[in-house]
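Below is one structure, written out as structure tokens, with a few remarks after it.
Each ligand, and each atom within it, is numbered from 1 in the order the structure gives. All heavy atoms count here, side chains included; hydrogens, waters and symmetry mates do not. Everything quoted here is computed from the prediction, not taken from an experiment.
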Amino acid sequence: MKLEAFRNMRILDFKSPQDKSKMEEALSKSRSQFGKTYKAFIGGKWIDTGDKITSVNPANPSEIVGYVANCTEKEIDMAFDAAENAFKEWRFSKASERAAYLVKIAKIMDESRYELDSWMVYEVGKNWIEADGDVAEAIDTLNYYAHEALRYSKGYKPYQVYGEKNEVKYVPIGSGVVIPPWNFPVAILTGMTAAAIVAGNTVLLKPASIASVIGAKVAEIFSEAGLPKGVFNFVPGSGSKIGDYLVKSPRTRFIAFTGSKDVGLRINELAAKHQEGQKWIKRVILEMGGKDAIVVDETADLDAAAEGIVVSAFGNQGQKCSACSRVIAVDAIYDKLIEKITERAKKIKVGDTSDFENWMGPVSSDEAFKKITGYIEIGKKEGKLVLGGNRIGNVGFFIEPTIFAEVGPNSRIAQEEIFGPVLSVIRAKDFDDAVKIFNSTEYGLTGGVYTKDKNRIKRAKAEFNVGNLYINRKITGALIGVQPFGGFNMSGTDSKSGGRDYLLLFLQAKSISEKI
Ligand code: NDP
């Protein structure tokens, strides 16, 4: 099978009248479908579960975006039956056949691009560009992992010894669980699911509850592609209710999780415990939070640094694992940099992102709103509030871009993941001090440096302890196939999604030796 050469999708240009009007059309069509009910998808059938998750618009929580079937242990058992049954044949299917399904899903997703974009505007408050970046990334993962499946299917030829033929093949591992976060509700959900499936495994996908309508839209696309029954199962439900059951089940062969540190650690602990009847050690793939920093020194282009910082800190309301939540500026340029960052952040338009002009939307939920505003109160005691700090309006979950200066490197707002539009600016004596502060959190996901000093760039490459390092550019927006993504330390198991190592996590190597 010959696949088209891999190329990253381009983001739509919403300044062009054509793309803008298509998006407006999609927004009004999706709005007309508000309040619809979506089912679970198990063993190739859409299933009603009786109970429902209610998903609301964070820009106006009185608007119900949709209802989604809430699965219980009964439906999870049915999904395991279907997945195990499907695995018996799917595991022996050709990699080229599996890759072809991914390419087909990518094509349908591309055709549904405006529609998916519009649901992300309504269900999680993304602006149009962020939403389209999410779908573009999902399409990229599908195409990229299709290529990767073909590459891994060749195995490799180890050293040979006389009288034998020795080979190594990669084989799938079994039926597993995929648990994505809400913040990349198309890209991460699709990426983890597609990687597992194209490697020859079968999947139970549990979407994040506050993004479960989008999850259902993606599930519809997977079902439309016509995968054999039971290869892909969609089992929405509350993580706190069915999460443990999915993770603990002796039938679970692997868990691919992306989300918060606390939930990730809980999954790690529960999955490690052997359950009666369990025949394997569960494979656990965890991608968790961050406390990502940008260092700026006295040689840096301060305008470029301020621009990169503001985009990284406030894009998607700061709700990216890669978001810049700490700036570490050396003393010599500290005040000047704060001025430049504040000037830019002041110009950000915050509001309902169904209007293209609003760059920042609401934060994702009432729970997120309370957590973030709680941290803002802590910040007022720990630092000096130089911008924002307030709610906007009293309907949706809108929070102003917020900046704290003179934040101590060990204070809570400099150490704990806030996951919102709150930036802490820390003063470092010099570059050496900045390196120490950079590495002083338990996380290690993304980070960056703005400097013109070649020696310091070299030091950043060697000493900044993060999975994704960016030099003289923003620290968000990793591209599939270009910047494999995953973090160190408490940021996860460094799975490097979108890279050449990723599919291996869903495979096991079989060494075969034949006497000749
Ligand atoms: P959560 O950890 O709250 O939720 C993630 C997923 O876990 C959801 O599907 C959730 O379901 C589920 N879940 C909740 N409790 C359990 C449980 N006990 N057992 C099993 N599953 C459970 O994270 P968010 O969705 O709020 O996402 C934000 C977090 O994700 C941030 O920390 C961010 O940094 C991180 N993230 C990391 C990335 C990375 O690549 N490192 C990328 C993107 C985000 P439910 O919604 O029903 O509660």
Query raised in the report: Within the distance-only criterion (no hydrogens, no angle test), does the side chain of Ser55 pair as donor or acceptor with the backbone N or O of Val65 below 3.5 angstrom?
Result: no
Query - Nearest non-hydrogen protein atom, atom 46 (O) of ligand 1 - result: Ser209 N, 2.8 Å
Query raised in the report: Should Ile210 be counted as touching ligand 1, given the test is an N or O pair under 3.5 Å?
Result: no
Query raised in the report: Counting heavy atoms only, which of Phe419, Tyr443, Phe257, Tyr245 is nearest atom 33 (C) of ligand 1?
Result: Phe419
**Report entry** Closest non-hydrogen atom pair between Lys217 and Glu115, with its separation
**Finding:** CD-OE2, 3.8 Å
Query - Member of Thr72, Ile42, Leu205 meeting the side chain to side chain contact (heavy atoms under 4.5 Å, CB included) criterion with Val235 - result: Ile42
Report task. Record the part of Thr258 in heavy-atom contact with ligand 1 below 4.0 Å; permitted values are side chain, backbone, both and neither. Result -> both
**Report entry** Distance filter under 4.0 Å to Ile188 heavy atoms, resulting ligand 1 atoms
**Finding:** 42 (C), 43 (C)
Report task. Could you tell me the residue and atom name of the protein heavy atom closest to atom 10 (C) of ligand 1, and the distance to it rounded to 0.1 Å? Result -> Lys206 NZ, 4.0 Å
Requested in this report: Distance to 0.1 Å, residue and atom name: give those for the protein heavy atom nearest to atom 41 (N) of ligand 1.
Outcome: Met288 O, 2.7 Å
Query - Over all atoms of both residues, closest heavy-atom pair of Ser325 and Lys291 - result: OG-CE, 3.3 Å
Query raised in the report: Numbering the atoms of ligand 1 from 1, which are under 4.0 Å from a heavy atom of Leu445?
Result: 41 (N)
Query raised in the report: Which option out of Gly259, Gly239, Ala211 puts a heavy atom nearest to atom 17 (C) of ligand 1?
Result: Gly239
Requested in this report: Measure the distances from the heavy atoms of Gly487 to every atom of ligand 1 and state whether one is below 4.0 angstrom.
Outcome: no
Query raised in the report: Which atoms from ligand 1 have a heavy atom of Ile179 less than 4.0 Å away?
Result: 6 (C), 7 (O), 9 (O), 12 (C), 20 (C), 21 (N)
Query - Any side-chain donor near an acceptor of the partner, Glu287 and Ser495, under 3.5 Å - result: yes
Report task. Identify the two heavy atoms, one from Phe369 and one from Arg391, that lie closest to each other, and give their separation to 0.1 Å. Result -> CZ-CD, 3.5 Å
Query - Glu269 atom CD, over 12 foreign heavy atoms within 6.0 Å - result: no
Report task. Heavy-atom distances under 4.0 Å are what count here, so tell me which part of Asn183 touches ligand 1: side chain, backbone, both or neither. Result -> side chain
Query raised in the report: Does at least one non-hydrogen atom of Ser238 fall below 4.0 angstrom from an atom of ligand 1?
Result: yes
Query raised in the report: Taking the six-membered ring for Trp, are the ring centroids of Tyr122 and Phe34 within less than 6.0 Å of each other?
Result: yes
Report summary line: When every non-hydrogen atom of Phe254 is compared with those of Gly174, the smallest separation belongs to CE2-O, 3.4 Å
Report task. Report yes if Lys320 has an N/O atom closer than 3.5 Å to an N/O atom of ligand 1; otherwise report no. Result -> no
Query - Heavy-atom protein contact below 4.0 Å for atom 4 (O) of ligand 1 - result: no
Query raised in the report: Looking at atom 40 (O) of ligand 1, what's its closest protein heavy atom, distance included?
Result: Phe485 CE2, 3.4 Å
Query - Closest protein heavy atom (residue, atom, distance) for atom 32 (O) of ligand 1 - result: Glu417 OE1, 2.6 Å
Report task. Tell me, please: is Trp182 in heavy-atom contact with ligand 1, that is, under 4.0 Å? Result -> yes
Query raised in the report: For atom 8 (C) of ligand 1, what's the nearest protein heavy atom and its distance?
Result: Pro180 O, 3.3 Å
Report summary line: Among non-hydrogen protein atoms, atom 2 (O) of ligand 1 lies closest to Ser260 OG, 2.6 Å
Query - Minimum non-hydrogen distance to atom 39 (C) of ligand 1, winning option of Gly486, Cys321, Pro207 - result: Cys321
Report task. Just need the protein heavy atom nearest to atom 19 (N) of ligand 1, so name the residue and atom and give the distance. Result -> Gly243 CA, 3.3 Å
Query raised in the report: Is any side-chain N of the basic residue among Lys126 and Asp134 closer than 4.0 Å to the acidic one's carboxylate O?
Result: yes
Requested in this report: Assess whether side chain to side chain donor-acceptor pair (under 3.5 Å) is satisfied between Asn183 and Gln319, documenting all intermediate values.
Outcome: CA-CA 7 Å; Asn183 73 327; Gln319 301 167 115; over 6 Å; no
**Report entry** Non-hydrogen atoms of Ala211 and Val124 that approach each other most closely
**Finding:** CB-CG1, 4.0 Å
Query raised in the report: Hey, does Gly237 sit under 4.0 Å from ligand 1 if you only count heavy atoms?
Result: yes
Report summary line: Rounded to the nearest 0.5 Å, the CG atom of Leu387 sits from the CD1 atom of Ile348 at a distance of 8.5 Å
Query raised in the report: Tyr502 vs Tyr145 aromatic rings, parallel, tilted or perpendicular, using cut-offs 30° and 60°?
Result: parallel
